[in-house]
Amino acid sequence: MKSHARVVIIGGGMMGVGLLFHLAMEGWDDCVLVEKGELTSGSTWHAAGQCPSFIADYNMAKIHHYSNTLYPKLEEMTGQATGWHGCGGIRFATTPEELDYFRLVEGIAANVGFRMQIIGPEEIRKLNPFVDTTGVIAGAWTLDDGHVDPAGCCNAMAIAARNLGATIIRYNRVTGINPLATGEWEVVTEQGNIVCEHVVNAGGCYAARIGAWVGVNVPIINLKHQYVVTEPIQEFKDRDEEIPVMRDPYSNAYYRQEQSSGLIGIYERRNSREAWVETGGQAWDAESELFAPEFDPIMPWLERVMERMPIFADAGLIRTVNGASPRTPDHNPLIGPAQGLRNFWLSCGASIGIAQGAGAGKYLAQLMVHGETEINMIRVDPRRFGSYAGREYNSAKAHQGYKYMYVLHLPGEERPAGRPARRSPLFNKLKDKGCVHTEVAGWERPKWFSLDGREEEYGFRRNNVFDIVAAECQAVRERVGVRDLSSFAKYDVSGPDAETFLNRLLANRISGRDGGIVLAHGLSETGRIESEFTVTRLASDRYYLLSAAVAEVRDFDLLNQGKSENENVTITNVTEDYGALMVVGPSSRDLLAKITSTELGNDHFPWLTGKEIEVAGVPLRALRINYVGELGWELHMPVAQLESVYDAVWSAGEEFGIADFGSYAVNGLRMEKAYAGWGVELTNEITPIEAGLQRFVKLDKDDFVGRRTLLAREQEGIQWRLVYVEVAAVDADVRGGEPLLKGEKLIGVTTSGGYGHTVKRSLAFAFVKPEFASPGSSFDIEILGERCRSTVLPGPIYDPKNLRLKS
Ligand SMILES: Cc1cc2nc3c(=O)[nH]c(=O)nc-3n(C[C@H](O)[C@H](O)[C@H](O)COP(=O)(O)OP(=O)(O)OC[C@H]3O[C@@H](n4cnc5c(N)ncnc54)[C@H](O)[C@@H]3O)c2cc1C
């Protein structure tokens, strides 16, 4: 057995093998995959093999789509039968909201490149003449997907990987992993040890146990899932064509043809999460494990399937498959670096891993080999979860997601499982005031305030909270608003080399004056945007950094892993130590003047300044910045003092008409100011040049990560540009992923949008080919199936000269 390799992948299921193949395609052939049993003997062999392309997330859809383009070709490439059936799929809509959802996905399909049509019941019955479409108003017909034999497909990728030089060792269990002083890893197996640069945990249901060997929390729960196979059905035998894979919210099921039999999989829905048996403790020697059939929980749903497909009703069952697969709290897989470790990767947590195996492998291979991917991987980055994602949380979320597999999660809808996981001391107080919270990185974050007790009518279009959000925006623009910002990721960076370190790591020049604040981006070696920090210089050797809540773990890694050995710098994650409030609006200075003795005028406390001051008797960090574009301060204080400062702000603000506001309002306000968002506009897909952020990049600095490639990029030119547009929207605003059309030509994609209540305009960000990016350029954005005329704006539509910020 090899004693050295560049990469060791633990686990020979769809995720591990998909990665091995794509690493080999990237030219990394010195890779070894170690599997404790036969390939596919974990969750992969028993899967039903469906590969849906209908996914509402732009980047996840790219992962699925890639798999669906590779699988049909694999048999010819390798000679291994894969059982690919390109029969397509149909998902049912039974409500107008589901139809809107289809329209959203239709736009994503156009951008990603898979064929999808919204069809009516009659057309559905042409494709599946056996289905009863009672209550169905439409179907989302995806034409390029289907189902595959998972074992055949996985083995075909294994053959393709071996053909390119990769090594697969079966019947060899990995029993431990040791970090070596050289920075390499030693993978301990039953057949000997392998020293390698990179380790990948693709252990499926065992991934959490493998992660624990190196102290990595892998937030998965293993859940059972069942499908049944019927006897052959004459009506299927009599046809040449195969019906599409049906996905049906009414029965919470998928059903399709398996040769001439029927195959029915159920996502049973029971009230108690204890109703499922978790299979977290599978024995190491378990191989090709199945569980005894459990009919009771699936029976009511099977009956609904029979209503839909009466030809199934008379067929007996010849097989029941009850197997386990892993699930994460948000149902996206874990693909990317493991927190806190160098060259330790996860490719696990896939609950639809047959559909995702190849795509996940392709993009993770890009990341490992080139340090970047062509898609935005934030939604699958394992570090989107922190230590709050413990067993209880994971379990509650995983069960909820399983139960609602085909139940549309409507915009605005807040599902309760696992909440609250993280909350600021203001949580209950704000809730009592009508606050509706939303969850971000486990945090409960204020979304809007129901002052009259109304409940949001969820949906994709503007709804009954539109006016309330308008009122919150008005308070901020005309009076003063307050908002709990405690979920921000926060770091103290200190030490004699702190300034040099930050200047080397980040693209902007760190302020040279005490109290100076800059916005600074962390770039990859190739100049792409990895992170965005607000950096405040508290003293020459003390800096306070803020970044997005969901970036807390990955930015902590970026800072720690970016530090050179000879740099004397201490980095502390103080996210949970500090609470934060935004006090913002034209009256914010007068308000704060009542509760602080610090001079707040422009001479003493100008825009982009941070100071350690006292407010309401509490020593805190006051930063004159905000994300909504008004005069205002962020107050960051020891978390225990948050409530008393909030109370003081509120009392002092009453005479000015203070109002609470939430993230819905923030979105509209930041859109008016054309503030791009990290993770949506500012992602690893682009450099600051495409984003138009050159003013935050100091190419004249000696050096910083990504500088050289950025210089080259400036010469070469760019393929995309981020633009800020006004949209003639009717009753729904851009959400992200909508196509941009010039005539019938696809010229770009939106990233996010919202309604600017002050300027009374619908606004959006989009990536567009440079020839369409000039101010005044116009095209259509398709929102929920409607083409809306859109025009590129030259700059912020509200206060373009920042006069209000600086007032
Ligand atoms: C009934 C059922 C139907 C399903 N249907 C579908 C479907 O239609 N479409 C779809 O996309 N998904 C489906 N799934 C989900 C799918 O099966 C999984 O998402 C997928 O198989 C996960 O692949 P994986 O490679 O992550 O895990 P696995 O296939 O479990 O692979 C992990 C491998 O790691 C090995 N391993 C673990 N620990 C070690 C160790 N210490 N040393 C060496 N090897 C180790 C295991 O033996 C295993 O082979 C279904 C799941 C179930 C339960």
Side-chain angles (χ1 to χ4, degrees), residues 8-20 32-52 63-64 67-68 71 89 145-151 153-154 157 168-177 187-191 200-211 213 220 222-229 245 247 254 256 258 263-267 279 282-291 319-328 331 333-335 346-361 402 405:
V8 172
I9 299 172
I10 306 170
M14 207 65 177
M15 299 295 279
V17 175
L19 176 64
L20 185 74
V32 177
L33 183 148
V34 184
E35 163 58 50
K36 69 182 178 58
E38 182 51 88
L39 290 182
T40 81
S41 63
S43 300
T44 294
W45 73 280
H46 61 53
Q50 281 97 225
C51 300
I63 290 179
H64 282 240
S67 299
N68 285 328
Y71 296 161
D145 56 29
H147 58 95
V148 75
D149 162 24
C153 183
C154 189
M157 285 199 290
I168 295 177
I169 305 171
R170 295 171 303 146
Y171 296 103
N172 183 22
R173 182 159 64 86
V174 174
T175 56
I177 304 168
V187 178
V188 183
T189 83
E190 288 170 337
Q191 295 175 19
V200 184
N201 176 357
C205 287
Y206 300 85
R209 293 161 83 184
I210 294 170
W213 293 337
I220 59 167
N222 303 325
L223 290 186
K224 289 181 186 172
H225 170 59
Q226 298 182 81
Y227 65 84
V228 297
V229 180
V245 179
R247 296 183 176 85
Y254 52 85
R256 65 169 171 87
E258 173 73 359
L263 183 150
I264 307 162
I266 303 285
Y267 290 97
T279 55
Q282 278 169 306
W284 282 115
D285 58 3
E287 198 186 331
S288 304
E289 187 179 36
L290 287 183
F291 307 96
R319 193 152 56 101
T320 304
V321 174
N322 187 5
S325 59
R327 285 182 172 263
T328 62
H331 300 276
L334 306 164
I335 309 169
L346 304 188
S347 184
C348 52
S351 53
I352 32 179
I354 309 307
Q356 295 165 345
Y402 181 91
M405 184 73 180

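In what follows, every heavy atom counts, from backbone to side chain, and hydrogens, waters and symmetry copies are set aside. Numbering of ligands and ligand atoms starts at 1, following listing order.
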Asker: Below 3.5 angstrom, do we get any N/O pair linking Gly323 and ligand 1?
Answerer: no

Asker: Using non-hydrogen atoms of the residue, decide whether Gly12 is closer than 4.0 angstrom to ligand 1.
Answerer: yes

Asker: What pairs with Arg170 under side-chain hydrogen bond (donor to acceptor under 3.5 Å, both in side chains), at least two apart in sequence or on another chain?
Answerer: Glu38

Asker: Side chain or backbone, does Cys348 bring an N or O within less than 3.5 Å of an N or O on ligand 1?
Answerer: no

Asker: Treating Tyr206 as the side-chain partner and Ala283 as the backbone partner, does any N or O pair qualify as donor plus acceptor under 3.5 Å?
Answerer: yes

Asker: Does ligand 1 come near enough to Ala324 that some N or O of the ligand is less than 3.5 Å from an N or O of the residue?
Answerer: no

Asker: Does any N/O atom on Ile354 come nearer than 3.5 Å to any N/O atom on ligand 1?
Answerer: yes

Asker: Heavy atoms only, cut-off 4.0 Å: how does Thr189 contact ligand 1, side chain, backbone, both, or neither?
Answerer: neither

Asker: Only heavy atoms of Val34, strictly under 4.0 Å: list the atoms of ligand 1 that pass.
Answerer: 43 (C), 44 (N)

Asker: Write out the residue and atom name of the closest protein heavy atom to atom 51 (C) of ligand 1, then the distance separating them to 0.1 Å.
Answerer: Ser325 OG, 3.7 Å

Asker: Has Ser67 got a side-chain atom pairing as donor or acceptor with Ala355's backbone, closer than 3.5 angstrom?
Answerer: yes

Asker: May I ask you to check whether Gly37 has an N/O atom sitting below 3.5 Å from an N/O atom of ligand 1?
Answerer: no

Asker: Test of understanding: with ring pair (Phe, Tyr, Trp, His ring centres under 6.0 Å), list the residues that count as partners of His64, not counting sequence neighbours.
Answerer: none

Asker: How far is atom 34 (O) of ligand 1 from the closest protein heavy atom, and which atom is that?
Answerer: Gly11 CA, 3.1 Å

Asker: Please state which option from His147, Gln226, His46, Arg256 has its nearest heavy atom closest to atom 53 (C) of ligand 1.
Answerer: His46

Asker: Give me the residue, atom name and distance of the protein heavy atom closest to atom 13 (C) of ligand 1.
Answerer: Ala47 CB, 3.7 Å

Asker: Within the structure, does Thr44 bring an N/O atom to less than 3.5 angstrom of an N/O atom in ligand 1?
Answerer: yes

Asker: Kindly confirm or rule out an N or O of Tyr254 lying under 3.5 angstrom from an N or O of ligand 1.
Answerer: no

Asker: Report the nearest protein non-hydrogen atom to atom 28 (P) of ligand 1: residue, atom name, distance rounded to 0.1 Å.
Answerer: Ser43 N, 3.5 Å

Asker: I'd like to check which ligand 1 atoms, numbered from 1 as shown, lie under 4.0 Å from a non-hydrogen atom of Ile210.
Answerer: 38 (N)

Asker: Tell me, which protein residue and heavy-atom name are nearest atom 44 (N) of ligand 1, and how many Å apart are they?
Answerer: Lys36 N, 3.0 Å

Asker: Tell me whether Lys224 forms a cation-pi arrangement with Phe291, defined as NZ or CZ under 6.0 Å from the six-membered ring centre and within 45 degrees of its axis.
Answerer: yes

Asker: Answer yes or no: does an N/O atom from Ala48 fall short of 3.5 Å to an N/O atom of ligand 1?
Answerer: yes

Asker: Using 0.5 Å steps for rounding, measure from the NZ atom of Lys36 to the OH atom of Tyr171.
Answerer: 10.0 Å

Asker: Starting from atom 15 (C) of ligand 1, what is the nearest protein heavy atom, named by residue and atom, and what distance separates them?
Answerer: Ser351 O, 3.2 Å

Asker: What protein heavy atom sits nearest atom 42 (N) of ligand 1, and how far away is it?
Answerer: Val174 N, 2.9 Å

Asker: Show me which atoms of ligand 1 lie under 4.0 Å from any heavy atom of Ala350.
Answerer: 18 (C), 19 (O), 22 (C)

Asker: Would His225 count as being in polar contact with ligand 1, using the rule that some N or O on each side must be under 3.5 angstrom apart?
Answerer: no

Asker: Would you mind checking which non-hydrogen protein atom is closest to atom 33 (C) of ligand 1, with the distance to 0.1 Å?
Answerer: Glu35 OE1, 3.4 Å

Asker: Considering both backbone and side-chain atoms of Trp284, is one of its nitrogen or oxygen atoms within less than 3.5 Å of a nitrogen or oxygen in ligand 1?
Answerer: no

